[in-house]
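Everything numeric here is computed off the predicted structure, so don't read it as measured data. Residues take their numbers from the sequence shown, with the count starting at 1.
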Amino acid sequence: MQAPRAQLCRLKERDRPAVAFELDGRPASALAGDTVLTAVLTQSRQLRINEFSGQPRAGFCMMGACQDCWVRLADGRSLRACQTMIEPGMRIRTLQGEA
């Protein structure tokens, strides 16, 4: 099965240092200065699955007002992906039921 394409494609600023993180149990890489939202959407088609509708979500307002970009870390903490900078070693869970 072919992996789905990413939602975002980086066009500029490709020379920033790489930041390793984990996305749904798999190694992933972002660039220093990326938000969690950008880091996830350059790797995946969706940010999360809506817990009420079961539909994929990819953020909406991109400024922290709409509450659509909440994701969980492996330790259970929630964070707003559009306002949180990616950090080395983050373990992000976008799938329901992931621990």
Side-chain angles (χ1 to χ4, degrees):
M1 181 168 92
Q2 185 178 4
R5 291 188 353 219
Q7 182 77 0
L8 300 179
C9 176
R10 189 177 309 276
L11 299 176
K12 293 187 175 191
E13 296 186 26
R14 297 180 191 181
D15 59 344
R16 290 183 277 140
V19 176
F21 70 102
E22 184 181 284
L23 180 59
D24 295 326
R26 295 184 189 97
S29 181
L31 296 182
D34 283 351
T35 63
V36 169
L37 181 72
T38 299
V40 171
L41 292 181
T42 56
Q43 306 287 314
S44 176
R45 293 280 307 154
Q46 66 193 37
L47 180 64
R48 67 184 185 93
I49 299 292
N50 181 280
E51 60 274 18
F52 301 107
S53 69
Q55 297 297 307
R57 306 300 300 164
F60 182 70
C61 74
M62 307 304 174
M63 64 181 194
C66 74
Q67 309 290 317
D68 197 45
C69 68
W70 287 99
V71 294
R72 290 200 180 273
L73 298 180
D75 65 9
R77 290 182 294 149
S78 295
L79 57 86
R80 215 178 272 177
C82 74
Q83 293 189 320
T84 305
M85 303 309 281
I86 194 72
E87 295 177 12
M90 274 185 156
R91 296 171 56 208
I92 300 165
R93 301 293 179 253
T94 67
L95 304 173
Q96 288 179 330
E98 291 288 316

Looking at side-chain heavy atoms only, is the closest gap between [X] and [Y] below 4.5 Å?
X	Y	answer
Val36	Met85	no
Met90	Val71	no
Cys82	Leu37	yes
Arg80	Trp70	yes
Thr38	Arg10	yes
Ile92	Glu22	no

Could you tell me which non-hydrogen atom of [X] sits nearest to which non-hydrogen atom of [Y], and how far apart they are?
X	Y	answer
Ala30	Ile86	CB-CG2, 4.2 Å
Ala74	Arg93	CB-NH2, 3.9 Å
Ala18	Leu31	CA-CD2, 4.2 Å

Rounded to the nearest 0.5 Å, how far does [atom2] of [Y] lie from [atom1] of [X]?
X	Y	atom1	atom2	value
Arg45	Arg5	CZ	CZ	5.5 Å
Arg91	Leu23	CZ	CG	12.5 Å
Asp34	Glu87	CG	CD	13.0 Å

Output yes when a side-chain donor or acceptor of [X] lies under 3.5 Å from a complementary backbone atom of [Y], and no otherwise.
X	Y	value
Thr42	Ala39	yes
Arg16	Ala32	yes
Gln43	Ser29	yes

With no hydrogens and no angle check, do the side chains of Thr94 and Arg48 hold a donor and an acceptor under 3.5 Å apart?
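No, because no side-chain N or O of Thr94 sits under 3.5 Å from a partner of the opposite role on Arg48.
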